[in-house]
There are 2 protein chains.
Amino acid sequence: MPSEDRPSGDRKKSRVTLLDVAQHADVSRATASLVIRKSPLVGAETRARVEAAMRELGYVYNLGAARLRAERSHTVGVVVPNLTNPFFAELLSGIESVIDAAGMVVILANSGDLVERQDMVMRRMREHGVDGVILCPAAATGTDFPDRIEEWNLPLVQALRHISDDMDYAGVDYAAGMHQAVEHLASLGHRIIAFAVHGPIHSAYHERIEGFREAMQSRGLEPDLIVRVPDQTAQIPGSASLLFQGTAKPTAVICFNDVIALGLVAGLHDLGLKVGESFSLIGFDDVAEAEVVRPRLTSVSTAPVSIGENAAKLLLDRLSDPLLPPRKVVKATQLHIRQSCASVGEAVL
Amino acid sequence: MPSEDRPSGDRKKSRVTLLDVAQHADVSRATASLVIRKSPLVGAETRARVEAAMRELGYVYNLGAARLRAERSHTVGVVVPNLTNPFFAELLSGIESVIDAAGMVVILANSGDLVERQDMVMRRMREHGVDGVILCPAAATGTDFPDRIEEWNLPLVQALRHISDDMDYAGVDYAAGMHQAVEHLASLGHRIIAFAVHGPIHSAYHERIEGFREAMQSRGLEPDLIVRVPDQTAQIPGSASLLFQGTAKPTAVICFNDVIALGLVAGLHDLGLKVGESFSLIGFDDVAEAEVVRPRLTSVSTAPVSIGENAAKLLLDRLSDPLLPPRKVVKATQLHIRQSCASVGEAVL
DNA sequence: AAAAGCTTTTAGATCGATCTAAAAGGATGG
DNA sequence: CCATCCTTTTAGATCGATCTAAAAGCTTTT
């Protein structure tokens with residue numbers, strides 16, 4: 001009888017452990033472990049006894065201990081460039097809901113769109129032993145990054161922006177969205193259309209620019225009326241005049257996102273132009289505010305919540321089968337027509 | 001010579017461990033551990049050798065293993081009712097930056113403002129062994145909740161909303177904010193002022209309502225013109241007429257938050273009222289959009305990012321000294337005057 | 001009654017770090 | 001030259017779970 005497991009005399013007040021549960025239910029640690037993990041191996045009566053013991057003792061599973069042995073942390077890292085931007089907040093929301101439903105948790109980090117911080121953050125994720133990462137890569141991410149990921153063999157899915165074709169990607173068909181916007185304006189008779197952009201340069205940026213150019217060119221329209229506005233929200237209205245400083249005067253503008261759209265609506269208003277009457281404007285993202293602004297904003301919807309959900313599903317699939325070939329889930333956009341566009345004919349009236 | 005630590009012949013391809021580093025640097029595991037933790041006990045030459053070994057082998061610290069022994073996970077839980085709301089996203093951003101700077105990470109969860117989900121989420125946080133939690137309590141959180149927390153002895157700070165005076169709290173002086181808003185409108189000559197509210201009922205809700213009532217009463221004004229508008233952003237504009245369905249017709253409205261404010265600006269516009277001229281309106285939160293909307297929105301600023309920072313600092317303080325008495329950090333609001341308010345005299349012109 | 005085949009339970013090693021208590025090495029003092 | 005003290009290093013136990021391989025109990029077959 002070499003069993004001296006239980007120093008019950010002077011028990012340290014520390015936490016309730018699986019061993020405590022096992023002893024209370026009169027089974028071995030191993031059996032108790034099986035019960036927790038819902039193994040079919042354990043008998044019904046025993047299972048009930050162990051579960052009762054867990055309840056009585058107020059047992060809390062120690063995932064940290066489990067992970068050490070089992071090599072799974074039930075944790076995924078999410079790295080975004082900026083939390084203040086509602087767009088990423090919605091992405092995050094979609095990710096969180098799917099990850100949560102799968103019984104895992106999200107470890108969050110902010111790269112600030114800076115590669116050095118991104119490196120630091122990725123290291124920290126590895127130290128914390130995340131099972132995988134959903135990353136919206138910082139704009140200046142180097143070309144060696146995918147190789148490093150490969151070496152770490154850390155499952156990773158790219159969201160919104162992509163830097164490698166060898167990894168999963170969940171995003172939006174930005175180019176098609178630009179086509180929808182141009183198509184709508186062209187059908188209203190607009191011939192000179194500007195594209196207002198800002199922010200860092202990344203794949204999503206290129207795709208939108210290219211989409212715009214293509215769509216314009218295919219209609220024989222001048223594709224280079226691209227105007228850069230300030231990054232700071234508060235300065236955007238004041239930059240509306242930039243639209244008209246070239247020789248070609250646009251009758252409509254497509255905006256890189258709705259932050260720009262809202263800002264330019266204000267700025268154009270300040271210039272005495274009536275958006276939706278004497279000037280047309282299309283936003284991108286279709287944020288909630290599009291509906292509560294006057295005129296209501298016509299906008300290309302990108303539904304970031306569902307992109308987040310897609311990204312999370314891709315990651316879960318990959319975790320359950322690491323050998324899957326890389327996949328892309330590219331969502332279609334939808335043009336939401338409201339009040340901010342008028343036909344050129346009307347404008348002349 | 002009982003040392004058979006190194007089965008180097010057929011090494012499993014698994015991760016690089018501290019033992020590998022130690023052997024490579026020709027020291028013991030214990031010494032290598034001291035180096036990682038930057039202990040002053042270890043000699044300079046030895047430290048350099050170990051650090052070189054870590055670099056050469058590409059060693060990654062295994063926090064999971066460390067936590068098991070050391071009882072600290074370098075992890076804090078953050079529970080918010082809703083991620084889609086930019087207000088919470090900003091709060092989260094503030095929390096993340098401070099927690100990150102302290103070398104810890106954020107585990108995120110969404111309670112959906114539902115107590116059952118909140119319970120589940122709190123359990124999961126405990127399973128993951130977080131060192132502490134920052135919680136924005138769900139509206140219907142029961143009175144027994146603080147006791148349960150106490151039992152778990154899990155450091156917790158309340159953010160934005162509070163349910164117990166025995167725990168740390170970081171928030172905003174909503175009542176004072178309401179006083180500022182009422183004061184501003186009263187000084188412009190407004191006598192009949194409505195308060196537009198929505199959303200779940202919680203401490204921050206009560207404080208705003210009470211603040212409004214008090215401020216109105218102290219000026220001898222009718223304090224009960226409280227109008228409930230829909231929760232869905234898109235339906236708010238259509239509810240603007242609710243403001244005028246009583247016998248007392250307000251000349252101004254204070255809004256519970258800027259989502260309502262933006263919605264009502266649109267709705268009032270639809271009714272033919274000119275906000276900032278024939279009608280006055282004050283928002284609450286001072287979101288970025290306040291500046292890019294026309295008329296620019298006068299709003300009471302609550303700076304959620306800095307509330308998040310305060311909450312995180314409170315938690316870090318508590319972690320380093322669990323015996324600290326409970327503290328409250330209540331930020332002052334600031335009235336940001338823009339264009340959405342006019343004096344009653346002007347309105348009559 | 002022994003063998004074979006299930007189902008259920010278990011002892012003991014293990015994951016990768018930290019912690020404790022003590023040993024080893026070097027300098028100083030009597 | 002040995003005792004004392006200080007600095008640096010270390011062996012071995014430990015945290016709380018999981019995993020492996022085998023044992024213990026049951027039925028069912030032969």
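Every chain is numbered from 1, with letters handed out A, B, ... down the list of sequences.
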**Request:** With rounding to the nearest 0.5 Å, note down the distance linking OH in Y61(B) to CZ in R123(A).
**Result:** 12.0 Å
**Request:** Could you check how far CD of E45(A) sits from P of dC26(D), rounded to whole Å?
**Result:** 13 Å
**Request:** Give the rounded distance in Å between these two atoms: CG of L68(B) and C1' of dG16(D).
**Result:** 5 Å
**Request:** Between G43(A) and A65(B), name the one whose nearest nucleotide on DNA chain C is closer to the 5' end.
**Result:** G43(A)
**Side-chain donor/acceptor of S164(A) to backbone N/O of P146(A), under 3.5 Å** = no
**Item:** From dT14(D), dA17(D), dT9(C), nucleotide with atom closest to Y61(A) side chain
**Value:** dA17(D)
**Item:** Closest-nucleotide 5' rank along DNA chain D - winner of V42(B) and A70(B)
**Value:** V42(B)
**Item:** Touch class at under 4.0 angstrom, heavy-atom based, for A66(B) against every strand present
**Value:** sugar-phosphate
**Asked** E71(B) CD to dC19(C) P: how many Å, rounded?
**Response** 10 Å
**Message:** For a quick test of reading the model: is some side-chain N or O of T17(B) closer than 4.0 Å to OP1 or OP2 of dA17(C)?
**Reply:** yes
**Asked** Hey, is the main chain of V98(A) close enough, under 3.5 Å, to the side chain of E309(A) for a donor-acceptor pair?
**Response** no
**Among dA17(C), dA11(D), dC19(D), the nucleotide that comes nearest once only the side chain of A30(A) is considered** = dC19(D)
**Item:** Proximal nucleotide (of dA13(D), dT18(D), dA11(C)) relative to the R29(B) side chain
**Value:** dA13(D)
**Fill in**
note: L34(B), atom CG; dT20(C), atom C1'; distance rounded to Å ~ 12 Å
**Message:** Is there a side-chain contact between R37(A) and the phosphate of dC19(D), meaning an N or O under 4.0 Å from OP1 or OP2?
**Reply:** yes
**Request:** Without swapping roles, check the side chain of T141(B) against the backbone of A139(B) for a donor-acceptor pair under 3.5 Å.
**Result:** no
**Item:** Closest to the T46(A) side chain, choosing from dA13(D), dT9(C), dG16(C)
**Value:** dT9(C)
**Message:** Under 4.0 Å from OP1 or OP2 of dT8(C): is there any side-chain N or O of T31(A) that close?
**Reply:** no
**Asked** Distance check: side-chain N/O of S28(A) vs OP1/OP2 of dT10(C), anything under 4.0 Å?
**Response** yes
**Complete:** Taken to the nearest whole Å, CG/D26(B) to P/dT8(D) is 19 Å
**Message:** Does a side-chain N or O of R15(B) approach OP1 or OP2 of dC15(C) to a distance below 4.0 Å, or not?
**Reply:** no
**Message:** Using whole Å, what does the distance between atom P of nucleotide dA24(D) and atom CG of L41(A) come to?
**Reply:** 18 Å
**Message:** Rounding to an integer number of Å, can you tell me how far L63(B) CG sits from dC15(C) C1'?
**Reply:** 15 Å
**Value in whole Å for how far the P atom of dG16(D) lies from CG of N62(A)** = 7 Å
**Request:** Verify salt bridge (charged side-chain N to carboxylate O under 4.0 Å, His left out) between E71(B) and R67(B), making sure each step is shown before the conclusion.
**Result:** CA-CA 5 Å; E71(B) 306 272 64; R67(B) 111 175 15 176; over 6 Å; no
